[in-house]
Structure formats: C-alpha cells, structure tokens
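Have a look at the structure below before the remarks.
Computed from a predicted structure; not experimentally measured.
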Amino acid sequence: MDFKSMEEKWQKYWAEQKVFEPEIDKNKQAFYIQAAYPYPIIAKYNMLKGKNVLMPMGWHVSGTPVIAAVEALQRGDEKTVKMFTERFHIPKEDLKYLTASPESFVEYMINKAKYGYKAGFKKLGLGIDWRRELKTIDEQYQRFIEWQYKKLYAKGYIRKGHYPVRYCPNCRNPVGDHDLSEGEGLGIQEFTLLKFRLQSGEYLVAATLRPETVFGQTNIWIRPDLEYVIIKVGKEEWVASKEFFEKFQHQKPGIEKIGTVKGSELIGKEVLAPGIERKIPVLPASFCDPKTGTGIVTSVPSDAPIDYIALRDLQNDEELMKKYHLDVEKIKAIEPIPIIKTPELGELAAIKVCEELKIKNQREEEKLEEAKKLVYKLGFHKGIMNENCGKYANMPVNKAKELVKKELIEKREATKFYELEGRVVCRCGTEVIVRVLENQWFVAYSDPKWKEEAKKTLGGMRIVPGLFRTQYENVFEWLEDKPCTRSKGLGTKFPWQKELVLEPLADSTIYMAYFTIAHLIKNVPAEKLEEEVFDYIFLNKGNVSKLAKKYGIDEKLLKEMRESFDYWYPLAYNASAIELIPNHMSFSIFQHTAIFPPEKRQLGTLNLGMVVLEGRKMSSSKGNVVLINDLCELLGSDFVRFFLMNFVEPWEEMNWQQREVEKGISRLKRFIEEIFSIAKNVSSGKLKLEKMDCVEKWFWSRINSKIKEYTQAMENIELRRALQAISFQLMKDLAWYNKRKMKTSKELNYYFVKNFALCIAPFMPHIAEELWHKIGNKESVFKAKLPEKLETDAKAEQGEELIMNIVADINQVKKLAKLEKPNKIVLYTASAWKYRLLELLQQKLSEPNVGEAIKIAMSDGKIKSKGNLAANVAKQLASKIIELKGKKEIDEFEVLKEAKPFLEKTFGCEVLIEKEEKTEYDPKGKAKNALPFKPAIYME
RNA sequence: GCAGGGGUACCGAAGUGGCCAAACGGACCAGACUCAAGAUCUGGUGGCUUAGUGCCUUCGGCGGUUCGAAUCCGCCCCCCUGCACCA
C-alpha cells in the first residue's frame, strides 16, 4: 500500500476543509492545548469526543542560543557549519541568510528551510492551526510581554536587588555551564566573612561556612611567611590575602588596596572575636591558603579537625612558639570549647573523629579532609547547640547557622562573601570568579501572598501523571526570587531599564493567552498596543468604544479578541518536559495566578519524559540527533507517530531505537493492510446480535471491551496503554476471529473497521481518514464521535476462553503423550454436581483453604455421596478459588458442540463431545477428571 | 548535600497482597514453509518433573508484618532528573 501518497492526500484535504482551524462555537466545549508531541494525540482524541479543539504553535527564540549559533556561523566554526549543512540539509549558498542577523536566521529556519521544524511538523500531520503562529520576537508579542511585566510590577512582584553570578572577567559576562571548559556544575557558596578587630583598629577577616561555630573560637590562624594586603573597605581597613582582594573587588565595588603586611608581623597579637566579644590570639599555621577565603582562618578546635590538630601541633612545639615570642603557658592552656552536641560524636566532634581516624599531624591532608566532611555533615543534620552558645542553646545547628549569620551581619561583625565550589574556567581560558550584580531585577516568587494563591491554583489543577504533584508542591515551597533580566540575547526589552532584556524563562509563562488572539492581532501596529488595550482583551477592563477611538483600533476587532480569549481560556493542559517542573511549569502557574482571575488560568499540566536516541541523550552539539522530517520520509509519518507513542507512556523516558521500530513496522503494516482488505467487504447495516454465532458475539464483545479500555486509558493520558489496546491486542483478537469464524458478517466487519478508524485516528490520522472514507463516510473522521455506551458479553468471552484453553491443553497433552497425529479426541464436560460444588465454594470460601473446602463439600448430601472423588474435586477447586472468583456457569457442552467443526479442522481428526456422567466411550477413565471450565481430555 | 522518580528474567518493559515462574515486545533456540536466504507461521527460553501436573529457586540487598509478598513496613546500596541565569 502507498502510505506516502495517502499522507499527502489527507493533509491537503484537512487544509481545504479547515479541520484544524477551529472557530468559536458556543455549542461546543472549548478545549485548548499546547502543541508539542504528544499533545496532538490528546487534541485529536478530544475532537472525537465532540470538543472544539485549538492547538497552536509558536517559536520561542528568546535568549542566547540563536545569537550563539549566528556568531559561530559568522566566524565559520566548522562544527556548527557542518551541523547546519549536513544535519539540517541547508544548502551552502543559503548560509548567508543564517549569518545575516539573528532575525534572518530565525525567519529562515522556521519558514524557508526545507527540513526546518515547521516543515517537519506539517509532515507529521499534527493538525496545528498555523494562522496563530507566533515568534517571541514579534513586535506585537513583545508589547504583550511588556504588558505582562507591568501587571506584575503593579502588584509589587518585580523587585531589584543584588545577585551573585559566575562571571568571566575577560568576556565581561555572566557564564553558564555551557560557557565553561572546566568546572561545569560547580556552584556558588556563600561564606560568612568574620571581622576580627585588632587593637590598632584594622580588621583581620576570615571566611567560614560555619558561622554558628563562632562560640567555639579559641584563636585565629595566619601564615607567617605570607604577605597580606591591607584593603580599604568604606571607612574600615581589612587585612586579607591578595587573591581575596582581587576576587572581592567584583563583589564590593570601590574597595582599594592601600598597603601590605607580612603575616609574621601579626602573630602573637590579640583580636576581638566576632559573636563572642572575647579577645583571642593570632597564631601561626602553615595550612592557610591565600587562594581559599582570605588566607586567614578562624580556629574552632572543637568542631574543625584541622584547627584541633594544628593547635595540638603548636602546643607540642615549644621552639615554634618561642620563635614567634608567644606565651608558652598561655598557648598550652588553650582548650577546645564544646559547642555542638551530636548523638554519634558527643560534644567535641573534631577531637573524637581525629582520634578515630588516628590523625597524627597536619600533613595528613586526606584524612583531615575526610574528618572535616564527617564532622560537618553530622553537625549540620543532627547537631544541637549547647549551653555555651548563649541564646542559641538547644537549637538545631541547621537553624542556628542562619540566625547567627544574620545577627553577625546586622551587628556589622560579618558580611557575605561568595566563592566558587572549585576551579571554574571559561572557554576563553580565563578563570571564572563570582561577581555580585548590583542592579539585578527579580520576579518575586518568594512573596508569601503570591505563593499562597499559586498553591491554591495548583491545588485545583490536574497533574498528569499524578505522581509529580508532590514535586510541584516542593518546588512551590522553596521557590525564591528569580532574576528575570540579562544583558545579552534575543527577547523583549525590560520596560524599566531598556538596555536589559527579559530572559527566556521570563517571557514564556503566559504566552498561551496570546495564542487565542495571535491571528487577530497580527495586523495591528505594535505601537497602538498600550497597556489599556490588553487590559480590555484579557481582563475585560475599560470601555471598548473609547479604547477603539483612543488608539485607532477597529472596535469589532477588539471585541473579537476579547471574545476569543474568553472562549478558549482557561488552558486545558500546559505541557512540557519533566525537568522543567522547577522553573517553566511552576512559573507559568505563578504568573497565571498573578495576572488572570481564577477561572482563566490553567486546568492542568502534562509532564513529559525525555527522548533519548539509541540509548544516548539527544544533543545537537554532539551530532546525536535525528530529524523528524527524515524519519517521516523514511518510515511514513503515521508509523513514526505510532512508535513515538508505543514505547513508553508520555512522561517516561523514551528510547528511540530505529532497528526495533523497523522490525515492528512490518508487522503493523500487515495488520493495517488486513484491515483495509476487510474494509472492502463491509455493509453499514445494523448489527443483529441475536443472529450472531458464538464467535461473532465474542469478537463484537472484544472490540467493545478494547474500546472501553482505550477510552479509559485516553482519559488518563496513558497513551501507550490506549494505543496497545486498540492495536496489538486487537490484532490478536482479529487473528483468533479469523481462525475461528465459520462465516463472514459484513455488518460486523463494518463495525470493526469503523471503530478501529475512530480509535486510531489520533495516532494515525492519515490512515484513519483513508479507512473512514473507504467504508463510505463523506466527512472527516475528526467530525465524527467515539461511541459512548458499550456493552460486552461475558458469556461469549468465557465461552471463547474455554475453546482457547482447550486448544492449548490438547496441544500440551499431544506433546506429552507423544501423539503426533491423534485419531480421535474426546472431550468430557463436568457433571452438574461439580458446578454445584463450585458455586458453594464461591459463596463460602474466601481463601484457598483445602480443609475448609472439603468440609463445605461434605455438608451437601448429594455431593457427599460421591465420596472420595468429591473430596478430590473440592481440593482442586479450592486451590484455584481465587482464579475462579466471579466465573459463572456456562453451557460448556453447547459451546464445545458449536466449536466441534473448528476443533476437528484444527487437529485434523474426529472430536467427540461427551458429558462426564453420560459417556459411553471412556477407555482410560479420563472423564472423571473433568472440572468446571476444564473439560477432561482423552485422545488416541 | 537537598528534592523528586526509579531498580522485575538475556534486553526493553507490564505488574502494587493470593488468578505470578511473572503480560507484551525484542533477542535467542527448535519445528513448518522454501532449492536456499529472507519474510511468515507454530512451539520453547530459571531448575527438576508431568497426559493438560507438581515441587524447588527467583523480582537491587538485609531484616520484619502476613496463612500467603515482586507487591505492605524498616534500614542499606545503586541509577536517573532538577537545584536557578542554560533554554
């Protein structure tokens, strides 16, 4: 069959008939969904349920990727050029369109590229309303985004503050992971910078991750051989390493170096320690690293293994103490101060761990590192502050940490200092530092009122699959203010600081509302789209006539836009990848909540799994991509669609394996072709149930139960389950029906083909449409409705099951008895009393209890009279009682009699159907083995 | 580290208290068809047994609850995703 021309034919037909260009229809319920696989399936399914379905498509081109690609092409980057010319099949002479400008790049990739995304989506037959297409750099769209941010600003949700970022001093730009050649994934740590005042007024500064341990400070460490710098910070003078000064410049503009001081000059002095207002000595240590923190370290021997060991080393080294003219007795008298208690390590964690690990001196760096991690971890999770910690006594460490930090900063005894978790290097080769951006704009997702309201919205939404709800709830809990502007990239200019651009996650949260009017607003000049205009369209504020006059926009058009938004909203599902739950998906719920009234938000979210290719992550930079266009070309779009859905449910990770798909396709194609051949022999007359034989009733019942299963699965967005029910499972039933049937019913054929076409339509629209018309329909299959009330015939299904089991059992016995070709097969159905016994057991026995079963059997006089056999049967039935639950008696004798010709044909010999108690032919005494639903078998 | 999701036979993957030695698909093996290959069909794929059976071992590990656990509870190990300026 020529599936390819079938695709073209129906795509043309749909376009002509405007099947996927919905107009407002008040008689139909609106169903609005976003377009990305697999929504088209859900969209089409809802059409078949009689809803008016809108599915638009847009292009999110904000941010840096487009710019980066254009720049790479401009400088002729080989890899990038190769990617575009080979992977995306772009002719070399067309590259000039890509390098001309980001806008030209976008235009070309969307509309001109033969293998571009749009072409691919069209090829897949997605059914998108292209009239509503938008790009995030469209002028009108940008006006809409401006409006959005003005609404947020008015509510106080746009705020300004500082923000630490990873920053390349050479490129003069913040850097993300993809900009790095080393240190991907390393984050920013927030250190507390403690200030220790010298008698002379200057401060020695030390960075720590454990501000709560200030209560255990006994001294501070400094490297005698190192030259420190003196820095002017406001009115204060700080002493720290040169490396620190260089880094801190980016976090505190305006500081300057005003001198230097040798570490050894500071040894032996006393400083006033922050948080405890006690004087402690400055002592020498070799482990202070100028590159880490400030090169000065505060010493808490109770909870920092290195401090403890260094202190002990010093106390044992009188010569060293004398060298620096230290008071030996005083130093020796220093003792760790217990401050934190954990069940595992007691009150002096560092000492305990050093002893356990048998750390001898400062040179055992690896062991010290291990000890530090252990103490830190336990202390943080299980530690409780003790009575030496003043008002923080009895507080868990993880809580005290924040409070102590806050207090120290408020008392100006400390400040914040940001440090990278490790060495991070930009692609340009420069080492990355942390810079604090002063004028960073934020969206205040931390706002308690907003959070509350957003949680309410979430509470009323449908999350598919449901198991992700807790994740959303957690995200909502910890979501903090999110920076929303940046200096580089495509996108909308930030209204209050035009040199900044709204970043990509900021302009993609309520665009769904824009789609409802995208086709109408296209020709309205952007400059007319002032705040009030959108206020009217989306919030129904103001007077239309006045607005129309004031801005020179057609009043009818304004009303139409208003009506369109009102009709299509709320959105049925917002859908995106699972990894976007912590940002895009949650932001979208927040922003809908902030801007729109409760009845115009979102009804649900659909969370989709990743697609991996042959077991590896898809990545265009690594060349591990496959274009949907190429796939459709090769396999046919209906088949691509089918297998995209067939592997896993939408939210699970899908591994596209070409070989497996190709194998599966041939089977599927045969099935489809078989259905087409059935479609040649149909009659649309009504089914006459009373005239159908057992097999036909069975097939009819199976079709109905599969449609039921399909419908149920579709409602739960279990697309794979739905698809399998209607394809592979039905395929099996069809095969059995073909084998079993005694005559052909055109009506039943019609019933089968019609329902198959309907159910498969969301998945394989072209094939469905072809089938639909083949059996005589004149309108699009998408104008039809799925059947709703479906009956099944339990007796027919049980009867056929009996035949299937008998066939399997006969084969089994044949094999075991080593009878290649039996001459005669005799089947004996069970006596009435056995059914009677089964009924009793079904009523009285809830678990497979043999003793109880025999008791029940013997309580009935008639059954009891059968003696040993009765006990035996009771035993066998009891062990299968759960399996037999709910099975009702059928007339096995009649069923088998009807199937007799079939059985004789199948096994190529005479088949006798006998009743256990009436049989005259039972040479081996097999008849007594008969059980309900399990006739006895004898063969020779 | 924190949060969320997982670990099932050779592989992918169903299965949430007894119909489970575990659906379905792939791979593999045997048989049928064929000159042959491919395609297709039939059967098989934990072990031992057997006229359609029965028993033993198995669902990341270890313990527990239960007459009964892949499924429920506790602890542990491993994998995936996200953790914010990357869309």
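B:C2 atom P lies 16 Å from atom CD of A:Q189, rounded to whole Å. Whole-Å rounding puts the A:N811 CG to B:U42 P distance at 11 Å. Rounded to an integer number of Å, the gap from A:F728 CZ to B:C24 P is 13 Å. When the P atom of B:A51 is taken as reference, atom NZ of A:K928 falls 15 Å away, rounded to whole Å. One interatomic measurement links the two molecules: CE of A:M731 to C1' of B:U40, which rounds to 14 Å at whole-angstrom precision. Whole-Å rounding puts the A:I578 CD1 to B:U81 P distance at 12 Å. Between the OH atom of A:Y472 and the P atom of B:C83 there is a distance of 15 Å, rounded to whole Å. A:E718 has its CD atom 16 Å from the C1' atom of B:A23, to the nearest Å.
The side chain of A:N929 approaches B:G52 more closely than any other nucleotide in the set B:G25, B:G43, B:G52. Comparing B:A87, B:A51, B:G25 against the side chain of A:K924 picks out B:A51 as the nearest. The side chain of A:K732 sits closest to B:G25 out of B:G82, B:G25, B:G52. Minimum atom distance to the side chain of A:P65 is reached by B:A87, of the listed B:A87, B:C24, B:A51. When distances are taken from the side chain of A:T64 to each of B:C86, B:A51, B:G43, the shortest belongs to B:C86. Side-chain proximity of A:H60 to B:A51, B:A87, B:G26: nearest is B:A87.
When heavy atoms are screened at a 4.0 angstrom cut-off, A:L505 is found touching base atoms of the nucleic acid. Using a 4.0 Å heavy-atom criterion, one finds that A:H584 contacts no nucleic acid atom at all. Counting non-hydrogen atoms under 4.0 angstrom, A:R469 reaches nothing in the nucleic acid. Here A:K814 lies out of heavy-atom contact (under 4.0 Å) with every strand. Nucleic acid contact for A:P164: none, since no nucleic acid atom lies under 4.0 Å from a heavy atom of the residue. Using a 4.0 Å heavy-atom criterion, one finds that A:T485 contacts no nucleic acid atom at all. Among the atoms of the strands shown, base atoms are found under 4.0 Å from some heavy atom of A:A936.
Here, B:U71 and B:A21 have their P atoms 15 Å apart, quoted to the whole Å. To the nearest whole angstrom, the two P atoms, one in B:C78 and one in B:G61, are 15 Å apart. For the C1' atoms, the distance from B:C33 to B:G26 is 24 Å, rounded to whole Å. Nucleotides B:C19 and B:C41 place their C1' atoms 30 Å apart, quoted to the nearest Å. Rounded to the nearest Å, the gap between the C1' atom of B:C77 and that of B:U45 is 31 Å. Comparing the C1' positions of B:C72 and B:U66 gives a spacing of 10 Å, expressed to the nearest Å. Taking atom P in both B:U58 and B:C10, one finds a spacing of 15 Å when rounded to whole Å. To the nearest whole angstrom, the two P atoms, one in B:G74 and one in B:U81, are 27 Å apart.
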Please produce a list of atom pairs where a protein N or O lies less than 3.5 Å from an N or O of nucleotides 27-30 of chain B.
unit_1: B:A27; atom_1: OP1; unit_2: A:K663; atom_2: NZ; d: 2.6

Which atom pairs link the protein and nucleotides 4-9 of chain B when you take only N or O atoms and keep those under 3.5 Å?
unit_1: B:G4; atom_1: OP1; unit_2: A:N474; atom_2: ND2; d: 3.3
unit_1: B:G4; atom_1: O2'; unit_2: A:Q471; atom_2: OE1; d: 3.1

Can you pull every protein N or O that's under 3.5 Å from an N or O on nucleotides 10-13 of chain B?
unit_1: B:A13; atom_1: O2'; unit_2: A:R720; atom_2: NH2; d: 3.1

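Taking the ring axis of A:F590 as reference, the NZ or CZ atom of A:K482 does not stay both within 45° of it and closer than 6.0 Å to the ring centre. Cation-pi contact between A:K401 and A:F380: absent, since separation from the ring centre below 6.0 Å together with deviation from the ring axis within 45° is not met.
Using modelled atom types, one finds a donor on one side chain and an acceptor on the other under 3.5 Å when comparing A:T485 with A:Q440. Between the side chains of A:S62 and A:D507, at least one donor N or O lies within less than 3.5 Å of an accepting N or O.
Ring to ring, A:Y445 and A:F587 are close: their centroids are under 6.0 angstrom apart. Residues A:Y163 and A:F442 place their aromatic rings such that the two centres sit under 6.0 Å apart. Taking the ring centroids of A:W59 and A:F105, they lie at or beyond the 6.0 Å cut-off.
Look at A:K926 and you won't find any side-chain N or O under 4.0 angstrom from OP1 or OP2 of B:G52. The shortest distance between the side-chain N/O atoms of A:R486 and the OP1/OP2 oxygens of B:A87 is below 4.0 Å. Of the side-chain N and O atoms in A:R670, one or more sit less than 4.0 angstrom from OP1 or OP2 of B:U40.
The pairing partner recorded for B:U53 is none, the criterion being a Watson-Crick or G-U wobble arrangement whose two distances lie under 3.5 angstrom. A 3.5 Å limit on both hydrogen-bonding distances identifies B:C73 as the Watson-Crick or G-U partner of B:G63. For B:A30, the paired nucleotide is B:U42, the pair qualifying as Watson-Crick or G-U wobble because both relevant distances are below 3.5 Å. Taking a pair to require two hydrogen-bonding distances under 3.5 Å in either a Watson-Crick or a G-U wobble arrangement, B:A21 remains unpaired. For B:G82, the paired nucleotide is B:C2, the pair qualifying as Watson-Crick or G-U wobble because both relevant distances are below 3.5 Å.
In summary, A:E673 and A:R670 do not engage in a salt bridge, as defined by a charged side-chain N under 4.0 Å from a carboxylate O. Between A:R721 and A:E649 there is no salt bridge, since no side-chain N of the basic residue sits under 4.0 Å from a carboxylate O of the acidic one. Taking a cutoff of 4.0 Å between a charged side-chain nitrogen and a carboxylate oxygen, A:R740 and A:E800 qualify as a salt bridge. Taking 4.0 Å as the cut-off between side-chain N and carboxylate O, A:K834 and A:E916 count as a salt-bridged pair. Between A:K928 and A:D922 there is no salt bridge, since no side-chain nitrogen of the basic residue lies less than 4.0 Å from a carboxylate oxygen of the acidic one.
Toward the 5′ end of RNA chain B lies the nearest nucleotide of A:E579, the other residue of the pair A:E579 and A:S62 mapping further downstream. Of the residues near RNA chain B, A:E480 and A:V475, the one whose nearest nucleotide (by heavy atom distance) lies more toward the 5' end is A:V475.
Formation of a donor-acceptor pair under 3.5 Å by the A:S588 side chain with backbone atoms of A:T509 is found in this model. A:K451 contributes a side-chain N or O that, together with a main-chain N or O of A:L479, makes up a donor-acceptor pair within less than 3.5 Å.
Counting heavy atoms from C-beta on, the side chains of A:L635 and A:E662 come closer than 4.5 Å.
How far CZ of A:R166 is from CD1 of A:I433: 12.0 Å, rounded to the nearest 0.5 Å.
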